[in-house]
Amino acid sequence: MKTIKKAVIPAAGFGTRFLPITKTIPKEMLPLVDKPNLLYTIEEAVKAGVEDIVLIQGRGKYSIEDFFDVSYELEDQLLKKNKIELLDRIKYLKDYCNIISVRQKEALGLGHAVYSAHHVVGKDPFALLLPDEIMYTAPSTPSVTEQLVLHYNEHSVSTVATMKVEANEVSKYGIIDIDVLDSHRFKVKDVVEKPEPENSPSQYALPGRYVFASEIFDYLKNTKPGKNGEIQLTDGMVQLAQKEGLEAITFKGQRYDTGNKLGYIQANIDYALRHPEIKEDVKAYILKIAKELS
Ligand code: UTP
């Protein structure tokens, strides 16, 4: 059986919920404290054993590629000033993983973005991570992608992460119709994109972490524009589930929806409260303003 060495990370969307900043700065490059969203996502994939990152890019997203390049001037300056700790924060990036850029020429939807990777991924199974969903796991816990890879390795079936959401929240997510296999493992029968609560097949949502067999590309290839006129990943997943098999597992970890402003701010607060350099000062500040607000 093939192991997962490749991950696809789509980053070609317009990030309209973050305008005006996303006019020139890609949503994926917005920081959580001092690292871009995208780097946390890549770290999650690398922890799962991924070596090749296929980044789906769109127009004007040069800062993403630049971030993984050598920065000769900056590195030289830091070295001359003997700022080794600062140098270490950037130097590892160029060798951290292989970044392969693929251009999505038009932002026709997530399904189309994923399909753009098919020439690079070929017949290999791969992980798919949406970089505007950040998954925190403690250093001693497998990353969420690693949890999916372990399940894929054990059961040889495409596997997606799922989480239970409130009934009135289902219209924000792709929702799965399931047969329960055990308390944290489900067989996926159908996938519905952003259903109304009254039509939702369950309360189990898809928070942007997947491991797919390469057959997903065959189904995405023939997928027509669906909801909102976009080529939807979920439409391809329905075919995969019904013809090849698809399972969903609940996961250990804290998920942040950094694609919207509130989720992004919450993630920044939590990451600041974990950051060794500033956590005590941030905590003191939060306690101070909480007192003033109450
Ligand atoms: P989203 O729909 O959340 O991102 O797609 P968006 O379109 O950039 O954001 P808003 O809604 O306008 O604020 C989830 C992920 O899929 C990528 C996005 O970059 C994001 O990381 N994506 C989406 C593509 O790469 N191509 C697409 O055509 C659509």
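These numbers were taken from a predicted model, which means no experiment stands behind them. Just follow the structure's listing: the first ligand is 1, and inside any ligand the first atom is 1. The figures that follow rest on heavy atoms only: side chains count, while hydrogens, waters and symmetry mates do not.
Using modelled atom types and a 3.5 Å distance limit, the side chains of Tyr136 and Asp270 yield no donor-acceptor pair. Residues Glu247 and His155 have side chains that never bring a donor and an acceptor to within less than 3.5 angstrom of each other. At a cut-off of 3.5 Å, with distance as the only test, no side-chain donor of Glu193 or Tyr173 sits close to an acceptor on the other residue. Neither side chain, Ser143 nor Glu44, offers a donor N or O lying under 3.5 Å from an acceptor on the other. When only modelled atom types and interatomic distance are considered, His151 and Asn153 share no side-chain donor-acceptor pair under 3.5 Å. At a cut-off of 3.5 Å, with distance as the only test, no side-chain donor of Gln57 or Gln104 sits close to an acceptor on the other residue.
A ring-centre distance under 6.0 Å is found for Phe126 and Phe217.
Counting heavy atoms under 4.0 Å from ligand 1, residue Leu108 touches it through the backbone alone. The backbone of Ala11, and not its side chain, has at least one atom closer than 4.0 Å to an atom of ligand 1 (non-hydrogen atoms only; backbone = N, CA, C, O). At a heavy-atom cutoff of 4.0 Å, ligand 1 is contacted by no atom of Glu230, backbone or side chain.
Close approach to Ala107 involves these atoms of ligand 1, each under 4.0 Å from a residue heavy atom: 28 (O). Near Leu110, meaning under 4.0 Å from one of its heavy atoms, ligand 1 places the atoms 16 (O), 29 (C). Ligand-side atoms of ligand 1 in range of Ala113: 24 (C), 25 (O), 26 (N), range being under 4.0 angstrom from any heavy atom. Ligand-side atoms of ligand 1 in range of Gln104: 24 (C), 25 (O), 26 (N), 27 (C), 28 (O), range being under 4.0 angstrom from any heavy atom.
Of the protein's heavy atoms, Gly109 N, 2.8 Å lies nearest to atom 28 (O) of ligand 1. With hydrogens left out, the protein atom closest to atom 4 (O) of ligand 1 is Lys27 NZ, 3.1 Å, a heavy atom. Here the heavy atom of the protein found nearest to atom 8 (O) of ligand 1 is Gly15 N, 2.8 Å. With hydrogens left out, the protein atom closest to atom 12 (O) of ligand 1 is Thr16 OG1, 2.5 Å, a heavy atom. The protein heavy atom nearest to atom 23 (C) of ligand 1 is Gly13 CA, 4.1 Å. Nearest protein neighbour of atom 25 (O) of ligand 1, counting heavy atoms only, is Ala12 N, 2.8 Å. With hydrogens left out, the protein atom closest to atom 13 (O) of ligand 1 is Arg17 N, 2.8 Å, a heavy atom. Counting only heavy atoms of the protein, atom 3 (O) of ligand 1 lies nearest to Asp132 OD2, 2.9 Å.
For Glu28, the closest heavy-atom approach to ligand 1 falls below 4.0 Å. Within the 4.0 Å heavy-atom shell around ligand 1 one finds Pro131.
In this structure, Glu75 does not pair ionically with Lys91, as no charged nitrogen and carboxylate oxygen lie closer than 4.0 Å.
Using cut-offs of 30° and 60° for the angle between ring planes, the Tyr96 and Tyr92 rings count as perpendicular.
At least one N/O-N/O distance between Pro10 and ligand 1 falls below 3.5 Å.
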